[in-house]
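Since the structure comes first, as structure tokens, the remarks are kept for the end.
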Amino acid sequence: MEALLRRELGYGFVKAAGHAGGGCISQGQSYDTDRGRVFMKVNPRAEARRMFEGEMASLTAILKTHTVRVPKPIKVLDSPGGGSMLVMEHLDMRYLSSHAATLGAQLADLHLENRKLGESLRQEDRTVGRGGGQAERAFVDQFGFEVVTCCGYLPQVNDWQQDWVAFFAQQRIQPQMDMVEKASGDREARELWSALQLKIPELFHGLEIVPALLHGDLWGGNVAEDSSGPIIFDPASFYGHSEYELAIAGMFGGFSSSFYSAYHSKIPKALGFEKRLQLYQLFHYLNHWNHFGSGYRGSSLSIMRNLLK
């Protein structure tokens with residue numbers, strides 16, 4: 001790996017550091033170089049390049065908002081043994097604790113950034129997305145993302161759509177249901193989803209949704225802090241409804257009341273928030289079902305039954 005980093009990234013000095021790690025999907029290793037310490041995520045799957053290119057685009061997009069800290073991505077490389085790797089800035093991270101409220105506030109800033117950009121451009125009466133050549137980011141008025149991103153190792157359909165309800169049903173839940181159908185032909189899941197599709201629009205009645213840049217997979221294992229403040233990593237970004245972000249955050253713990261208080265002080269809960277949160281959690285339970293097996297079937301079907309009551 002040292003020779004690969006020297007050749008592909010032009011480092012003069014590379015040596016493996018004593019920092020390694022990994023999760024359910026990829027493994028990681030830190031390296032000291034003549035330009036600072038870097039962290040390399042490695043995955044042997046044939047589709048790993050697509051996954052890492054989506055993560056790199058996600059990190060880059062979040063970086064440009066200047067709201068919440070993420071590791072700076074460097075490059076996606078092909079792995080000599082097959083698969084791919086993502087090289088990024090190494091950060092000395094620890095468990096999120098003292099900076100939880102700051103993360104809540106910064107996450108809200110991330111979600112509000114595109115809305116504020118749109119409002120600013122309208123006030124200046126300029127062409128949307130141009131900003132007289134001064135705006136670093138263009139206002140995004142649709143839901144989706146510029147590239148495929150992966151939640152876990154499964155790809156997300158990020159084709160641009162004007163309507164959020166259609167985007168979520170067609171490009172988030174339907175692909176997951178298609179995978180369930182292909183793997184198990186689960187009749188009850190199919191019937192519940194057929195009924196739920198008709199009811200989803202009711203959950204969004206009277207709600208204005210401005211596309212927000214999302215981390216996309218914000219559970220407790222993808223947040224941390226260092227002495228300077230909070231850090232988020234392993235994103236699966238797209239422009240969506242800000243409430244979507246809080247779904248997986250509430251499923252597996254790791255977020256304190258101070259995090260939520262700080263977040264909702266900037267983005268208050270809208271009417272119907274709790275039911276929509278269940279709907280958004282349905283995606284993550286289905287995604288876990290398709291990643292890890294039928295142990296997540298019960299939770300997936302339970303949410304659909306509850307939403308149909």
Side-chain angles (χ1 to χ4, degrees), residues 23-26 41 43 45-63 65 70 73 76 83-84 86 107 110-111 114 140-183 189 193 196-197 200 209 211-219 221-223 232-252 276-292 296 299-300 303:
C24 302
I25 307 299
S26 302
K41 289 175 67 174
N43 189 286
R45 290 176 176 269
E47 62 269 28
R49 172 168 277 276
R50 176 180 60 187
M51 179 177 69
F52 285 145
E53 286 176 346
E55 182 175 346
M56 182 162 180
S58 300
L59 291 168
T60 301
I62 296 171
L63 270 173
T65 68
V70 294
V76 177
S84 295
L86 172 60
L107 185 68
L110 171 66
H111 292 167
N114 187 55
V140 175
D141 63 355
Q142 298 184 77
F143 302 97
F145 201 55
E146 62 199 53
V147 299
V148 170
T149 52
C150 297
C151 194
Y153 59 77
L154 295 175
Q156 301 184 122
V157 182
N158 286 331
D159 298 342
W160 295 104
Q161 279 211 51
Q162 292 283 351
D163 181 75
W164 166 249
V165 176
F167 176 92
F168 180 74
Q170 297 168 10
Q171 298 181 206
R172 286 297 176 268
I173 301 297
Q174 190 62 58
Q176 294 289 333
M177 291 302 304
D178 290 344
M179 284 184 274
V180 167
E181 176 70 20
K182 183 177 180 180
W193 172 234
L196 181 58
Q197 287 183 76
I200 288 176
I209 302 174
L213 180 62
L214 307 177
H215 173 282
D217 191 17
L218 197 79
W219 68 289
N222 287 346
V223 301
I232 61 177
F233 52 96
D234 289 357
S237 292
F238 64 98
Y239 282 87
H241 186 194
S242 57
E243 291 178 357
Y244 175 94
E245 194 87 279
L246 301 181
I248 195 170
M251 286 168 56
F252 303 115
R276 289 189 298 275
L277 198 67
Q278 288 185 58
L279 178 67
Y280 293 147
Q281 287 179 341
L282 174 60
F283 167 80
H284 292 289
Y285 280 118
L286 289 170
N287 192 44
H288 277 68
W289 184 353
N290 284 312
H291 270 90
F292 307 117
Y296 291 92
S299 298
S300 301
I303 286 178

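Residues Tyr239 and Gln142 form no side-chain contact, since every pair of their non-hydrogen atoms from C-beta on lies 4.5 Å or further apart. Within the 4.5 Å cutoff, the side chain of Leu286 has heavy atoms near those of the Met177 side chain. You'll find the side chain of Ile173 stays beyond 4.5 Å of the side chain of Ile200, heavy atoms only. The closest side-chain heavy-atom distance from Asn114 to Leu213 is not below 4.5 Å.
In this structure, the side chain of Thr149 engages the main chain of Ser237 through a donor-acceptor pair within 3.5 Å. Put simply, the side chain of Gln171 gets close to the backbone of Asp159: a donor and an acceptor are under 3.5 Å apart.
For the pair Gly54 and Val147, the tightest heavy-atom approach, listed with the atom from each and the gap, is CA-CG2, 4.1 Å. Counting all heavy atoms, side chain and backbone alike, Trp289 lies closest to Ala189 at CH2-CB, 4.3 Å. When all heavy atoms of Ile232 and Leu218 are compared, the pair lying nearest together is CG2-CD1, 3.8 Å.
Residue His241 holds its NE2 atom at 9.5 Å from CG of Leu214, rounded to the nearest 0.5 Å. With rounding to the nearest 0.5 Å, the separation of CG in Asn43 from OG in Ser84 is 8.0 Å. In this structure, OG1 on Thr65 lies 10.0 Å from NE2 on His111, to the nearest 0.5 angstrom. Expressed to the nearest 0.5 Å, how far CH2 of Trp219 lies from SG of Cys151 amounts to 11.0 Å. Taken to the nearest 0.5 Å, the OG atom of Ser26 stands 9.0 Å off from the CG atom of Leu86. For the atom pair CD of Glu47 and SG of Cys150, the computed distance is 8.0 Å after rounding to the nearest 0.5 Å.
Under the salt bridge (charged side-chain N to carboxylate O under 4.0 Å, His left out) criterion, Asp217 pairs with no residue at all, not counting sequence neighbours. Taking Phe145 as the reference, nothing meets the ring-ring contact (aromatic ring centres under 6.0 Å, His included) condition, with sequence neighbours excluded. For the ring-ring contact (aromatic ring centres under 6.0 Å, His included) test, no residue two or more places apart in sequence or in another chain qualifies with Phe52. Annotation: salt bridge (charged side-chain N to carboxylate O under 4.0 Å, His left out) contacts of Glu146 (sequence neighbours excluded): none. Here Asp234 pairs with Lys41, Glu55, Asn222 under the side chain to side chain contact (heavy atoms under 4.5 Å, CB included) rule; sequence neighbours left out. Listed by chain and residue number, nothing satisfies the salt bridge (charged side-chain N to carboxylate O under 4.0 Å, His left out) test with Arg50 (two or more places apart in sequence, or in another chain). Listed by chain and number, the residues in a ring-ring contact (aromatic ring centres under 6.0 Å, His included) with Phe233 amount to none (sequence neighbours excluded). Arg172 meets the salt bridge (charged side-chain N to carboxylate O under 4.0 Å, His left out) test with no other residue; sequence neighbours excluded. Remark: Ala166 engages Gln161, Asp163, Gln170 in a side chain to side chain contact (heavy atoms under 4.5 Å, CB included) (not counting sequence neighbours). Partners of Gln197 under the side chain to side chain contact (heavy atoms under 4.5 Å, CB included) rule, at least two apart in sequence or in another chain, are Gln174, Trp193. Residues satisfying the side chain to side chain contact (heavy atoms under 4.5 Å, CB included) criterion with Gln278, sequence neighbours excluded, are Ile303, Asn306, Leu307. Remark: His215 engages no residue in a ring-ring contact (aromatic ring centres under 6.0 Å, His included) (not counting sequence neighbours).
A parallel orientation is assigned to the rings of Phe167 and Trp164, their planes being inclined by less than 30° (bins at 30° and 60°). Using bins of under 30°, 30° to 60° and over 60° for the plane-to-plane angle, the ring pair His284/Tyr244 lands in the tilted bin.
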Practice task
Given ring pair (Phe, Tyr, Trp, His ring centres under 6.0 Å), test Tyr280 with Phe168 step by step and report yes or no.
Solution key: CA-CA 9 Å; Tyr280 293 147; Phe168 180 74; 5.1 Å; yes
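For the ring pair (Phe, Tyr, Trp, His ring centres under 6.0 Å) with His291, the qualifying choice from Tyr153, Tyr296, Tyr285 is Tyr153, the only one to do so.
Side-chain contact check for Asn290 and Gln176: at least one donor-acceptor pair (N or O, by modelled atom type) lies under 3.5 Å.
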